[in-house]
Amino acid sequence: MPDLDAKLTDIYTEVLKRNPGETEFHQAVGEVLESLGPVVAKHPQYADAEVMRRLSEPERQIIFRVSWVDDAGRVQVNRGFRVEFNSALGPFKGGLRFHPSVYLGIVKFLGFEQIFKNSLTGMPIGGGKGGSDFDPKGRSDGEVMRFCQAFMTELYRHLGEYTDVPAGDIGVGGREIGYLFGQYKRITNRYEAGVLTGKGLTWGGSQVRTEATGYGVVFFADEVLKARGESFDGKRVVVSGSGNVAVYATEKVHELGGTVVACSDSGGYVVDEKGIDVELVKDLKEIRRARISEYPGLRGGARFVSDGSVWDVPCDVALPCATQNELDARGAKVLVENGATVVAEGANMPCTPEAVRLLTDAGVTFAPGKAANAGGVATSALEMQQNASRDSWTFEHTEARLAEIMRGVHDRCLETADEYGTPGNYAAGANIAGFIRVADAMLAMGVV
Ligand code: GLU
């Protein structure tokens with residue numbers, strides 16, 4: 001049970017009752033409500049208009065069957081989801097996740113986080129999330145295409161550049177967005193570029209979108225280090241995961257003079273004291289769709305560890321970039337013992353609440369995902385801007401915009417934490433600043 005202000009306890013209890021068994025969603029709501037005590041004390045208008053209660057109930061939830069035929073001619077059935085959580089600031093915006101662990105509770109937690117993240121970017125985007133329990137692992141290109149087509153055949157009726165704009169997340173990258181866009185275009189007979197983001201560069205995509213989440217988390221961590229009077233130069237960094245976020249976080253850390261000495265996948269982790277070879281990881285994961293255990297065979301001096309945790313590798317900065325609740329109390333204790341000073345979340349909610357408490361109590365600066373990983377969706381909003389004006393920007397210009405947005409998110413978190421009496425607490429600052437922008441829009445629009 002999170003530590004809540006009396007006014008917020010009822011709302012949390014109602015969320016538990018109304019969404020039974022959805023533990024990740026409970027965790028995400030509890031974590032935000034925990035920060036809002038000083039806000040409801042200072043601004044009674046939010047509680048009077050039941051803004052928190054309205055915010056924790058999605059505007060719309062869509063659950064649908066996805067039937068498709070695999071390469072062996074067998075009929076497969078998956079479940080598809082889209083949770084349209086809040087549209088006070090703009091069309092619902094957030095990725096699609098294809099992973100066997102996906103169920104309504106995961107989609108709701110991600111959609112809820114997305115509201116505050118998107119608000120923090122300062123851009124005109126609401127919050128939503130979707131996905132399926134489809135497992136792309138081991139599936140052929142043809143199977144992935146047929147699944148995406150079947151998924152979009154149902155979802156298209158709920159989407160639109162002014163309504164709901166999906167993108168990628170775990171299991172959904174450029175390949176999947178291509179198949180989804182193709183099917184949307186075929187069904188609607190419209191080349192509506194702004195309906196999906198993460199598109200290819202030759203057909204409406206934005207420069208830097210692929211790199212954005214990974215680059216963004218490092219830009220954010222760099223601002224955190226600067227605020228502590230430090231920099232990435234000479235720092236040992238551990239990144240978890242080896243997907244899109246992890247790969248481009250690693251690339252940017254190396255550009256800024258740090259060394260990423262370890263990364264992982266669900267089978268284990270690799271340690272490479274010379275610095276993880278980004279091109280090799282890209283080739284293994286993106287081209288060959290292979291496991292990280294193959295890394296040491298292709299690069300001397302590295303080792304693969306199949307048991308234990310990537311957080312056992314000593315580092316100054318930890319960037320959890322894999323998935324929710326991957327860094328628990330044990331991991332946090334080891335990081336503290338090994339002298340880590342900054343933990344910045346590249347994934348969504350990768351640290352458990354106990355881990356966050358342990359890190360914060362030990363004086364480790366904790367940067368929450370809804371701030372630190374906002375670079376992905378912020379660049380999606382830049383892609384929407386380019387689509388709306390039928391324009392495309394250079395890599396340099398887009399990256400400069402991303403860096404500026406991440407600096408803005410960082411400063412907003414710190415200033416808000418200060419204003420509400422929790423100086424240096426990025427988690428509180430992110431929750432409060434994200435909340436206020438959405439809450440004010442909801443107040444202005446009345447009870448809808
Ligand atoms: N899935 C990403 C996130 O967690 C990006 C969402 C988007 O670009 O819409 O923020």
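Count residues from 1 along the sequence. In listed order, ligands and their atoms are each counted from 1.
Salt-bridge check for D411 with R407: failed, with every basic side-chain N at 4.0 Å or more from each acidic carboxylate O. Electrostatic pairing of R97 and D169 counts as a salt bridge here, judged by a charged N lying under 4.0 Å from a carboxylate O. By the 4.0 Å N-to-carboxylate-O rule, R18 lies close enough to E14 to be salt-bridged with it.
Under the 3.5 Å distance criterion, with hydrogens and angles disregarded, a donor-acceptor pair is assigned to the side chains of Y215 and E251.
The side chain to side chain contact (heavy atoms under 4.5 Å, CB included) test with N19 singles out one residue from L16, T23, V15, and that residue is V15.
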Within the protein, flag every N or O under 3.5 Å from an N or O of ligand 1, and note the pair and distance.
from	atom 1	to	atom 2	distance (Å)
ligand 1	1 (N)	K129	NZ	3.2
ligand 1	1 (N)	G168	O	2.9
ligand 1	1 (N)	D169	OD1	2.8
ligand 1	4 (O)	K117	NZ	3.0
ligand 1	4 (O)	K129	NZ	3.0
ligand 1	4 (O)	N348	ND2	3.1
ligand 1	8 (O)	R209	NH2	2.9
ligand 1	8 (O)	S380	OG	2.6
ligand 1	9 (O)	K93	NZ	2.7
ligand 1	10 (O)	Q114	NE2	3.1
ligand 1	10 (O)	K117	NZ	2.8

Inset, instruction - Show your reasoning for whether side-chain contact (heavy atoms from CB on, under 4.5 Å) applies to D328 and E354. - result: CA-CA 7 Å; D328 59 8; E354 297 73 33; over 6 Å; no
